[in-house]
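Structure record follows, encoded as structure tokens.
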Amino acid sequence: MRQYVLNLTGRAGPGGALRAADVARLCTAVQTLVYRLYRHATDELDRGRQPQAVEQLSALGVTMPAAGTVVFGVGEEGVLDLDPLADQVDAHAWRLLQGLAAGERPPGTPATVADAVAALIRALARAATEATLSVPGHGDVRLATGHLAREPWERRAPKDLRTVVGELQMADLRSDRCRVVDAAGHVIELHDVRGITEAARLVGTQVQATGWFTEQLHGRGRLDVIGTVTPAAEQDSLPWNDPA
């Protein structure tokens, strides 16, 4: 059974330990990414494999042999002695890691795989300040998790870049989310806020944030924040539906 190995330093848990919630997020993110890489490899080769076969090939087992080390074993034991997609999947995984390090999305990366990479970036950033990932047959890539570019992996158009200003009513330290209500009463949920602890100190005040905006129903919106939430200057106040 081949293995992907993740080593984390600068861990966010008490005493430098990994928090259980962070481990769960990482396992979910890596499993989703590996499954989608297998589906992509199957589509490329036009093998037409059934979903169950792909699930068995991409299933992950997890061990933690040392503090900050997570080992993902690929494939269900006893299902297949030879994985016909292993080399292709590992090559794709290696290109993705190199793209993460360079802040670039490799050409030909399908949207479903890019979505999984974006989720992995979020999980890594919550768990530790630095991560080293190894792919069998290729090598290691070291990543500063707080500086990983998210934009190349996310499905957004430049016209959706907005600045939102309003009263910060809520900040959730567990999910890195905030809620802002603007002067017109629109409710905007802020996602992926960096520096959530500092943002929480601004609850009850006027703040601003810039990011990728999605309008939703019933006077609500979502903003995937680029950077942090900051105090708003009076002259910077903008309605929620005006471009930044």
Side-chain angles (χ1 to χ4, degrees), residues 1-42 49-101 109-110 112-146 148 150 153 173-176 192:
M1 179 182 292
R2 72 193 202 284
Q3 297 176 331
Y4 298 131
V5 180
L6 170 62
N7 286 295
L8 299 164
T9 56
R11 296 178 291 277
L18 275 173
R19 295 177 297 203
D22 293 335
V23 174
R25 280 190 204 91
L26 286 167
C27 290
T28 299
V30 174
Q31 177 64 88
T32 301
L33 177 58
V34 171
Y35 174 78
R36 291 181 181 179
L37 284 175
Y38 267 90
R39 285 260 27 123
H40 178 48
T42 298
R49 291 186 178 274
Q50 294 299 315
Q52 183 180 0
V54 175
E55 288 178 6
Q56 291 173 335
L57 289 171
S58 64
L60 297 183
V62 180
T63 58
M64 298 182 66
T69 300
V70 186
V71 178
F72 300 94
V74 185
E76 291 184 4
E77 290 191 25
V79 174
L80 280 177
D81 294 329
L82 177 65
D83 181 344
L85 301 176
D87 290 345
Q88 189 173 0
V89 168
D90 291 346
H92 280 312
W94 181 245
R95 282 194 290 273
L96 291 176
L97 289 182
Q98 290 181 310
L100 273 175
T109 302
T112 55
V113 172
D115 290 343
V117 173
L120 178 60
I121 290 172
R122 292 192 293 270
L124 288 171
R126 288 183 62 87
T129 58
E130 188 173 281
T132 302
L133 296 98
S134 65
V135 176
H138 292 273
D140 302 337
V141 173
R142 181 174 294 179
L143 305 169
T145 63
L148 296 176
R150 303 184 186 194
W153 310 95
L173 275 64
R174 294 172 299 176
S175 63
D176 295 334
D192 299 331

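Taking CG of Leu120 as the reference point, atom CG of Leu100 lies at 7.0 Å (rounded to 0.5 Å). With rounding to the nearest 0.5 Å, the separation of OG1 in Thr69 from CE in Met64 is 8.0 Å. The line from CG of Leu6 to OG1 of Thr132 is 8.5 Å long, rounded to the nearest 0.5 Å.
Arg19 and Arg126 make their closest contact through NH2-O, 3.1 Å (heavy atoms, listed as atom of the first residue, atom of the second, distance). Residues Cys27 and Val62 share a closest heavy-atom pair of SG-CG2, 3.9 Å. Of all the heavy atoms in Leu37 and Val113, the pair that sits closest is CD2-CG1, 4.0 Å. Annotation for Val34 and Ser58: closest pair CG1-O, 3.7 Å, computed over non-hydrogen atoms. For the pair Leu8 and Ala128, the tightest heavy-atom approach, listed with the atom from each and the gap, is CB-CB, 3.8 Å. Of all the heavy atoms in Ala125 and Arg150, the pair that sits closest is CB-NH2, 4.1 Å.
In this structure, Asp90 and Tyr4 have side chains that are in contact, with non-hydrogen atoms separated by less than 4.5 Å. You'll find the side chain of Leu18 reaches within 4.5 Å of the side chain of Val70, heavy atoms only. Side-chain contact between Val74 and Leu60 is present, with at least one heavy-atom pair separated by less than 4.5 Å. Within the 4.5 Å cutoff, the side chain of Val89 has no heavy atoms near those of the Leu57 side chain. Using a 4.5 Å heavy-atom threshold, the side chains of Asp115 and Thr32 count as separate. By the 4.5 Å heavy-atom criterion applied to side chains, Leu96 and Trp153 are counted as neighbours.
Checking side-chain atoms of Arg36 against main-chain N and O of Thr112 turns up a donor-acceptor pair under 3.5 Å. Looking only at distances, a side-chain donor or acceptor of Thr145 sits under 3.5 Å from a matching main-chain atom of Thr129. Remark: side-chain polar atoms of Gln88 are not paired, donor with acceptor, to backbone N or O of Tyr38 under 3.5 angstrom.
The aromatic rings of His40 and His92 sit tilted relative to each other, their planes meeting at an angle between 30° and 60°.
When the shell of 6.0 Å around CG of Asp140 is examined, it contains more than 12 heavy atoms from other residues, nucleotides or ligands.
A salt bridge links Arg2 with Asp83; the closest basic N to acidic carboxylate O contact falls under 4.0 Å. A salt bridge does not link Asp176 with Arg122: none of the charged nitrogens is closer than 4.0 Å to a carboxylate oxygen.
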